[in-house]
Amino acid sequence: MPGELKIDGAQGTFTADADGIPQTHTTAPGDTERKISFRFGVSEQANLECANRPLTGTARVWYAFTDLSSGELAPGQTISLNLTNPSTNAP
């Protein structure tokens with residue numbers, strides 16, 4: 001039945017390149033770095049952070065959290081999944 005299957009990992013939408021390789025993920029309520037890493041097979045959470053590092057300052061990532069202690073990300077942010085072409089600025 002549609003909508004009955006629970007998918008582990010992040011729930012937001014994503015874009016992919018012509019080969020079907022995910023490039024970006026738009027966060028949904030409840031998404032965390034760990035869930036995104038799990039869904040897209042990013043081997044380590046640190047790799048996701050590296051793909052979304054700020055150009056300046058001391059922050060480890062540019063994206064925003066709704067709850068830092070749980071790692072929950074603010075919904076509606078488009079973050080990079082491409083470790084070879086990282087996004088170094090907030091959109």
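We use all heavy atoms of the structure for the numbers below, so side chains are in, but hydrogens, waters and symmetry mates are not. Keep in mind the model is a prediction, meaning the values are calculated, not measured.
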inquiry  = Do Thr15 and His25 have side chains that approach each other closer than 4.5 Å (heavy atoms only, starting at C-beta)?
reply    = no
task = Give the minimum heavy-atom separation between Ala28 and Pro75, together with the two atoms involved.
result = C-CB, 3.9 Å
request  = For the residue pair Leu81 and Gln23, establish whether any side-chain heavy-atom pair is separated by less than 4.5 Å.
outcome  = no
request  = Starting at CD of Glu49, measure out to OG of Ser37 and round the result to the nearest 0.5 Å.
outcome  = 8.0 Å
Closest non-hydrogen atom pair, Ala74 against Thr27 = O-OG1, 2.7 Å
query = Is there a donor-acceptor contact under 3.5 Å from the side chain of Asp19 to the main chain of Ile21?
reply = no
key: Side chain Arg60, main chain Cys50, donor-acceptor under 3.5 Å   = no
Minimum heavy-atom distance Arg53-Trp62, with the two atoms named = O-CD1, 3.9 Å
task = Compare all side-chain heavy atoms of Val42 with those of Ile36 and state whether any distance is below 4.5 angstrom.
result = no
request  = Indicate yes or no: at least one non-hydrogen side-chain atom of Leu73 is less than 4.5 angstrom from one of Tyr63.
outcome  = yes
key: side-chain contact (heavy atoms from CB on, under 4.5 Å) partners of Ser80, counting only residues at least two apart   = Ala51, Asn52, Asn82, Ser87
note = By salt bridge (Lys or Arg N to Asp or Glu O under 4.0 Å), Glu72 pairs with (sequence neighbours left out) none
note = Heavy-atom nearest pair, Phe14 first then Pro22, reads CD1-CB, 4.0 Å
request  = Provide the closest heavy-atom pair for Val61 versus Glu33 in the form atom of the first, atom of the second, distance.
outcome  = CG1-OE2, 4.2 Å
Close side-chain approach of Thr26 to Ile79, heavy-atom, < 4.5 Å = no
